[in-house]
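Just so it is clear, the values below take in all heavy atoms, side chains as well, and ignore hydrogens, waters and symmetry mates. We name chains A, B, ... by the order of the sequence lines, and we start the count at 1 in each one.
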2 protein chains.
Amino acid sequence: MESNLAVSALAALAHEGRLAIYRLLVVAGPDGLTVGDIGDKLKMPGATLSFHLSQLKHAGLVAARRDGRRLIQTADFARINGLVAYLTENCCGGQACAPVCKPATNKNRRAPKAKASNG
Amino acid sequence: MESNLAVSALAALAHEGRLAIYRLLVVAGPDGLTVGDIGDKLKMPGATLSFHLSQLKHAGLVAARRDGRRLIQTADFARINGLVAYLTENCCGGQACAPVCKPATNKNRRAPKAKASNG
DNA sequence: TCCATATTTCTAGTATATTCGAAATATATA
DNA sequence: TATATATTTCGAATATACTAGAAATATGGA
């Protein structure tokens with residue numbers, strides 16, 4: 001991932017309304033949600049929602065497919081994975097370190113403390 | 001993590017210069033870098049760098065400790081871990097899904113394709 | 001074709017972020 | 001105290017983003 005792609009993804013998520021939209025789509029998974037569904041859940045005016053969806057699409061975080069009159073929006077998980085990888089790239093100079101590098105496992109932590117905070 | 005904390009972390013990273021600063025600190029790990037080190041590496045004027053560091057600190061992504069005249073800046077890995085968890089929370093409604101949920105392992109992928117892109 | 005539903009584009013008023021030189025502050029050492 | 005180094009704060013010019021009503025576009029069905 002290049003810097004400007006990462007910046008545009010981060011900027012797209014750096015807004016309360018868009019973050020809420022994105023998180024709804026993450027939970028919805030591959031089935032997605034229509035624009036109307038999202039508007040209902042978030043009580044957001046159509047024009048505002050459309051503007052924010054276009055920002056998320058432009059950043060590659062959301063994709064849409066048509067289903068009749070409706071447009072079904074889905075989160076693009078590849079992009080968020082790439083973003084997280086970019087943010088944590090070569091963490092601590094490449095040494096084995098705390099779970100920022102390996103978020104899913106409890107292996108290879110440096111210290112057996114309750115809260116993980118070092119890198 | 002609450003929405004406004006996540007938004008402030010994302011907004012802090014959503015700038016080319018600040019993202020570059022943050023990524024330098026991720027690589028530097030717990031040893032950190034001084035403000036001067038960062039300015040030299042990124043060729044950024046002191047006032048501009050100070051402004052951006054304050055944004056990153058305000059968002060909880062960077063911390064500083066004093067070492068004589070110098071201030072050593074470090075990335076706060078707990079915050080980025082929390083942010084990633086917030087972004088991917090309850091992904092796909094909680095079902096086992098692609099590696100956005102479990103980025104460190106190759107287990108529990110839905111399909112054995114080369115590129116992971118579904119959630 | 002005509003109408004209803006779903007969504008986007010237009011528009012303009014309002015608010016917030018970025019930049020960096022100059023001056024101020026903090027610390028160390030003689 | 002005087003001086004040098006390290007970093008932050010001030011200030012003002014400049015640029016960009018947000019909001020949402022109204023109008024326009026796209027699709028499906030009678």
Side-chain angles (χ1 to χ4, degrees), chain A residues 3-25 28 31-76, chain B residues 3-25 28 31-76:
Chain A
S3 171
N4 56 329
L5 273 185
V7 168
S8 76
L10 289 161
L13 293 169
H15 179 280
E16 186 165 24
R18 287 196 296 267
L19 185 56
I21 294 167
Y22 183 76
R23 279 169 35 95
L24 280 180
L25 294 177
D31 293 344
L33 293 171
T34 67
V35 178
D37 288 340
I38 299 167
D40 290 346
K41 288 190 195 239
L42 299 181
K43 320 251 188 212
M44 191 180 282
T48 303
L49 177 53
S50 184
F51 169 79
H52 291 312
L53 279 170
S54 81
Q55 306 277 109
L56 289 164
K57 284 171 199 163
H58 189 70
L61 289 162
V62 166
R65 62 177 191 269
R66 190 170 273 281
D67 173 38
R69 272 181 285 209
R70 318 205 197 125
L71 287 169
I72 296 179
Q73 314 293 133
T74 52
D76 183 329
Chain B
S3 170
N4 56 328
L5 273 185
V7 169
S8 76
L10 289 161
L13 294 169
H15 179 279
E16 186 165 24
R18 288 195 297 266
L19 185 55
I21 294 167
Y22 183 77
R23 278 169 34 95
L24 280 180
L25 295 178
D31 293 344
L33 293 171
T34 67
V35 178
D37 289 340
I38 300 167
D40 290 346
K41 289 190 196 239
L42 300 180
K43 320 251 188 214
M44 191 180 281
T48 303
L49 177 53
S50 184
F51 169 79
H52 290 312
L53 279 170
S54 81
Q55 306 275 108
L56 289 164
K57 284 171 199 164
H58 188 71
L61 288 161
V62 166
R65 62 178 191 268
R66 189 171 276 280
D67 173 39
R69 274 181 286 212
R70 316 206 197 125
L71 287 169
I72 297 179
Q73 314 293 134
T74 52
D76 184 330

**Q** What's the CE-C1' distance between B:M44 and C:dC20, to the nearest Å?
**A** 12 Å

**Q** What is the distance from atom CG of A:L49 to atom CD of A:Q73, rounded to the nearest 0.5 Å?
**A** 8.0 Å

**Q** With the side chain counted from C-beta on, respond yes when B:D76 and B:V62 share a heavy-atom pair under 4.5 Å apart, and no when they do not.
**A** no

**Q** For B:K41 and B:L24: C-alpha separation, side-chain torsions, deciding distance, then whether side chain to side chain contact (heavy atoms under 4.5 Å, CB included) applies.
**A** CA-CA 9 Å; B:K41 289 190 196 239; B:L24 280 180; 4.0 Å; yes

**Q** Would you say C:dT27 has OP1 or OP2 under 4.0 Å from some side-chain N or O of B:R66?
**A** yes

**Q** With a 4.0 Å limit, can you tell me whether A:H15 has a side-chain N or O closer than that to the phosphate oxygens OP1/OP2 of D:dT19?
**A** yes

**Q** Is the closest side-chain heavy-atom distance between B:I72 and B:D37 below 4.5 Å?
**A** no

**Q** Looking for any heavy atom pair under 4.0 Å, which part of the strands does A:T34 touch: base, sugar-phosphate only, or nothing?
**A** sugar-phosphate

**Q** Need to verify one output field. Residue with the more 5' nearest nucleotide on DNA chain D, A:R69 or A:H52?
**A** A:H52

**Q** Considering only D:dA20, C:dT7, C:dT18, which nucleotide approaches the side chain of A:T48 most closely?
**A** D:dA20

**Q** Map A:G68 and A:F51 onto DNA chain D by nearest heavy atom, then report which one ends up closer to the 5' terminus.
**A** A:F51

**Q** Please tell me which of the listed nucleotides, C:dC20, D:dT8, C:dT7, lies nearest to the side chain of B:S50?
**A** D:dT8

**Q** Would you say the side-chain atoms of A:R18 pair up with the backbone N or O of A:A12, donor to acceptor, closer than 3.5 Å?
**A** yes

**Q** Give a yes/no on whether any side-chain N or O of B:Q73 is located under 4.0 angstrom from OP1 or OP2 of D:dT7.
**A** no

**Q** Rounded to whole angstrom units, what separation is found between the CZ atom of A:R70 and the C1' atom of D:dG28?
**A** 11 Å

**Q** Given D:dA20, is OP1 or OP2 found less than 4.0 Å from the side-chain N or O atoms of A:K43?
**A** no

**Q** Take the protein atom CZ of B:R65 and the nucleotide atom C1' of C:dT27, then report the distance between them rounded to whole Å.
**A** 17 Å

**Q** Can you tell which of C:dT7, C:dG21, D:dC18 lies closest to the side chain of A:L71?
**A** C:dT7

**Q** Out of D:dA20, C:dT18, D:dC18, which nucleotide sits closest to the side chain of A:Q55?
**A** D:dC18

